[in-house]
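Report on one structure; see the data block that follows.
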Amino acid sequence: MATTEGAGKGRTGYDHDALQKKWSERWRGDGLYRTRQDPDRPKFYCLDFFPYPSGAGLSVGHLRNYVPTDVISRFMTMRGYNVLHPMGWDAFGLPAENYALKMGIHPARTTAQNVATYKRQMALVETCYDWDKEVNSSTPEYYRWTQWFFLLLFDRGLAYQAEGQQWWVEDGRCWRHTETAVTKKSLKQWYFKITDYAEPLIADLETIEWPDHIRKMQLNWIGRSEGCEVIFKGLRPEGGEVDLPIFTTRVDTIFGVTYMVLAPEHPLVGALTAPPRRAAVSAYIEESRRKSDIDRASTDKEKTGVALGSFAVNPLNGERIPIWIGDYVLASYGTGAVMAVPAHDTRDFAFARKYGLLIRQVIFPRDGASRNEVTGRWVAPAGLPVAELDAALVDPGVMFRSGPFDGLASEDATRVLGEHLEARRQGGRKVNYKFRDWLISRQRYWGCPIPIVHCDRCGAVPVPKDQLPVLLPEMTEFKPSGTGRSPLATVDSFVRTSCPRCGGAAERETDTMDGFACSSWYFLRFPDPGHGEGPFSPEAVRYWLPVDLYVGGAEHAVMHLLYARFWTKVMFDAGLIHFREPFQRLRNQGMLLGADGTKMSKSRGNVVTPDEVVQRYGADTVRAYLLFLGSFEQEVPWSDEAISGMYRFMHRVYDLMTRFPARADGDDRDVAPKVARELEFWIHKTVKKVTEDVESFSFNTGVAALMEFYNKLSSLSGDPSVVSSAAWARAQRTFLTLLAPIAPFLAEEMWERLGFTRHSPSVHREAWPGFDPAKLVTAEVEYPIQVNGKIRDKLVVPADLDEAGLKARVLASPKVMQWTEGKTVRNFIVVPGRLVSLVVK
RNA sequence: GCCGGAGUGGCGGAAUUGGCAGACGCAGCGGACUUAAAAUCCGUCGGGCCUCGGCCCUUGCCGGUUCGAGUCCGGCCUCCGGCACCA
């Protein structure tokens, strides 16, 4: 930064500081940003992702989210909508707690400080949030209702407790650290049964306007797959059988099963281990427990396992096959066990090769095979060679060596064998999902307490709704205990309570909820954040919801958005709300990189704060620049040099407007008709462009259109008859109106100075202009003329010239004739209003 | 590995979805103003030829469709994001 003062300051009267001070005070006094709920107007709910108020404050990167939604909100207001544009704080969470542990300051205090910083920084760029609607998820008035929703889910059978694996550091200080010894502990934790909603979560993706890639990510995450469940029989070494169900999408390969693999955590491993194998098996289990998820998940790691020394029976052919355990089988997917078909599955193939297990091909490729039209079965080519495989044949084909199912196409197997299995009670068709239930328990202090009381007699009993909130106790010491329990477990006065059901002595649940719970319903609170009768005001929600436009970073593409959709569906099913999807339209802004092209971060020292740039260039410049620097979705580097161009633009606008102010009594008599038409053309063209660009989030080209309009006005301003005309005044007024949502201060100041307050007291109360397509039609059109695909001439012709006339003009053009001479015109193509193309030979 | 997205001047990026590639801006260059500089204003600004009228090349690479391709199709290369043994 060479100078502290902006470029060219003092050259004109443009003083961004003075404008900001003057207008932000006035607007606050006038209540410009107060939400209106006027029943005669349509509503528009514009929402930013719920931010976590971090101690680092805002960088200009965050503004890449907040400025565009601000522009849209202002734009929609000017277009006559009642706009709800609120802001709140996702204030519970680990960073505040960790900071508190380090500095000894209570998270509530640091949160309050951070919120104050965020609000101050948001005000710097004059975001139009209605602060009367502010919410904070860490306040009892808010989390009372988060608890209420927990109970709603509990009552509907969607909240349950189960043993789950959790990583723990041996000394209990902090988890997920690489250098300390970690191990997995089994803990009883709370889950939400989101998997019950898999189908509506998939189906309703069709009904919302979200970016395709986000919808795909959600689909992949849910991971629906159709197949069969097949119940194998496990033969216990001590005698007797156990059911050993597996899930497969390739039931067509079932006659090729040569062994089974269970996850090491599978509950039947103990029962199915033969005594001589016990030592090896428990050593293997111990070993895989130590492996991190990453190690286990890595596909290029060699697959390992050990045999249990026992056998299973394939229900379809009665064959006895050995049972193994191997940690390439995931305990959490399907039934935690797989049938292994090495001939037709890459993983099983590698495993079988390594341990010398049998490989039996049961699918042959369809090419070369013929089909029996009557039975629909395929017939193998004569003498089908079954060579030794050097890789798994994973493509679908035709079943053979499969008893009664020989000749069946892979694609039909799920249906045919599914029905067969079902009839014999050996399994059946089944749909499986990759995603799991939502683990919400956190063994942490700074979160929303789970409203449950544990009673020896009654079990887990919900806290009655009229006793909410379960208050988070004031604590000064909330280090993790190392026992795997929440710090809350050490607060006697919190833990000891009585059972709401039987009145006997009982203990409170000490886990707190995942922060995603808080952000799964916050959008319902905004319309009436003070509502005391329930989590939200039903009337206000009926009016304002669903959210029309939701904007934030792509990092929440899956979790937050999926959880919020899930809660919404539960609420809909409970009859609480009238919509199934919370966010109609979703947009993700691209990341703003540092000037060096890398992610902005404190350690790289490339963070740009709103404070420094607003101080130097003013809010209008920063806003306009953020919109201008690239397309909304893409990541773009910040540029210290380029922003000065935007600053110059603000100066130039100020300059042009003050030097040639509109005259209230101007008239168009003295202006040349051609110039008047040109001015009118530019007014309508720019209105059209800016309107469409703001609607479609193409802010960069919208700003560019305003610059072009300015350039046009500037070049016409040399003509005294122009600047004294009424058309000039209309152009200025239009320009300022279009500029208003982007650069609110400059637009308002010019609006006042040029006397447009006689139309509207504030440019921000002015109606957004419409455009007249008729004004966009010009009398003459310029046609580029292509000969054999190359531009050879350009002709200006009357717009209403017919094709024959145009053809005559084209063929008479000397430049065109140079290229057609001595040749014949084979084809003459006219794209009306765009171009002429001729093919000559 | 699989699923998404992107590759356009020195730079950030436009291009009405198949129709004048490079809008708008930054940087650069030339000029005006100035004692000088900054700021400002005017001009120029993809590359190469050139007889100053133009000609040729150019949107990651190779091929195709078309009167016409940055845009569509096929095959590669590179970068970014997500998922990652899901049976």
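When reading the values below, keep in mind they use all heavy atoms of this one structure, side chains included, and skip hydrogens, waters and symmetry mates. Predicted model only: the values in this text are computed from it and were never measured. Just so we're on the same page: letters track the sequence lines, and every chain starts at 1.
- Of the candidates B:rC24, B:rG19, B:rC56, the closest approach to any side-chain atom of A:Val831 belongs to B:rG19.
- Each of B:rA21, B:rA87, B:rC24 was ranked by its minimum atom distance to the side chain of A:Ile791; first place goes to B:rA21.
- With distances taken from any side-chain atom of A:Met217 to the nucleotides B:rG12, B:rG82, B:rC20, the minimum falls on B:rG82.
- Heavy atoms of A:Leu629 sit under 4.0 angstrom from primed sugar atoms or phosphate atoms, though from no base atom.
- With B:rC3, B:rC85, B:rG82 as the choices, the nucleotide that has an atom nearest any side-chain atom of A:Asn220 turns out to be B:rC3.
- Using a 4.0 Å heavy-atom distance criterion, A:Arg436 is classed as a base contact.
- Within 4.0 Å (heavy atoms only), A:Glu692 reaches no atom of the nucleic acid at all.
- Taking the C1' atoms as reference points, B:rA15 lies 30 Å from B:rC52, given to the whole Å.
- Across B:rG25 and B:rU35, the matching P atoms stand 31 Å from one another, rounded to whole Å.
- For the OP1/OP2 pair of B:rG5 and a distance below 4.0 Å, the side-chain nitrogens and oxygens of A:Asn588 include no atom meeting the criterion.
- For the pair A:Asn827 CG and B:rG68 P, the computed distance is 10 Å after rounding to whole Å.
- Shown here, B:rU8 is classed anti by the O4'-C1'-N9-C4 or O4'-C1'-N1-C2 angle, which is more than 90° from 0.
- Remark: of the listed residues A:Tyr710, A:Phe771, A:Phe735, A:Phe709, A:Phe709 is the sole one forming a side chain to side chain contact (heavy atoms under 4.5 Å, CB included) with A:Thr686.
- Residue A:Arg792 contributes atom CZ, which lies 18 Å from atom P of B:rG53 at whole-angstrom precision.
- The distance from atom CG of A:Leu739 to atom P of B:rC24 is 18 Å, rounded to the nearest whole Å.
- Between the P atoms of B:rA14 and B:rG1, the separation comes to 31 Å (whole Å).
- Taking NZ of A:Lys216 as the reference point, atom CG of A:Leu219 lies at 8.5 Å (rounded to 0.5 Å).
- Residue A:Ser332 is classed as having no contact, given no heavy-atom separation below 4.0 Å to the nucleic acid.
- Nearest to the side chain of A:Arg648, among B:rA27, B:rC24, B:rC67, sits B:rA27.
- Among A:Asp620, A:Leu626, A:Leu627, the one residue that satisfies the side chain to side chain contact (heavy atoms under 4.5 Å, CB included) test with A:Ile742 is A:Leu627.
- Contact annotation for A:Gly334: no contact, since no heavy-atom pair falls under 4.0 Å across all strands.
- Between A:Phe351 and A:Tyr259, the gap from one ring centroid to the other is short of 6.0 Å.
- For A:Ser631, a side-chain nitrogen or oxygen approaches OP1 or OP2 of B:rA14 to under 4.0 Å.
- Relative to the side chain of A:Gln786, the nucleotides B:rG68, B:rC83, B:rA6 differ in distance, and B:rG68 lies closest.
- Between A:Tyr647 and the choices A:Tyr625, A:Phe628, A:Tyr617, the ring-ring contact (aromatic ring centres under 6.0 Å, His included) rule is met once, by A:Tyr617.
- Distance CH2/A:Trp638 to CG/A:Asn606: 12.5 Å, rounded to 0.5 Å.
- A:Lys815 has its NZ atom 14 Å from the C1' atom of B:rC20, to the nearest Å.
- Taking 4.0 angstrom as the limit, A:Lys790 places none of its side-chain polar atoms (N or O) nearer than this to OP1 or OP2 of B:rU58.
- Across all strands shown, B:rG81 pairs with B:rC3; the Watson-Crick or G-U wobble distances both stay below 3.5 Å.
- Among the nucleotides B:rC85, B:rC67, B:rU40, the one closest to the side chain of A:Ile829 is B:rC67.
- Distance from the side chain of A:Lys216 is smallest to B:rG4 among B:rG54, B:rG4, B:rG82.
- For A:Met707, whose side chain is taken as the heavy atoms from C-beta onward, the closest listed nucleotide among B:rC85, B:rC24, B:rG12 is B:rC24.
- Remark: the separation of the P atoms in B:rA38 and B:rA32 is 14 Å, to the nearest Å.
- Distance A:Lys794 NZ to B:rA21 C1': 11 Å, rounded to the nearest Å.
- For the P atoms, the distance linking B:rU8 with B:rU59 amounts to 11 Å, nearest Å.
- The partner of B:rA21 is absent, by the rule that a Watson-Crick or G-U pair needs both atom distances under 3.5 Å.
- Distances from the side chain of A:Val839 to the nucleotides B:rA23, B:rC67, B:rG25 place B:rC67 closest.
- For A:Phe516 and A:Trp438, the gap between ring centers reaches or exceeds 6.0 Å.
- Here A:Thr248 lies in heavy-atom contact (under 4.0 Å) with sugar-phosphate atoms only.
- In this structure, B:rG9 shows a glycosidic angle within 90 degrees of zero, which is the syn conformation.
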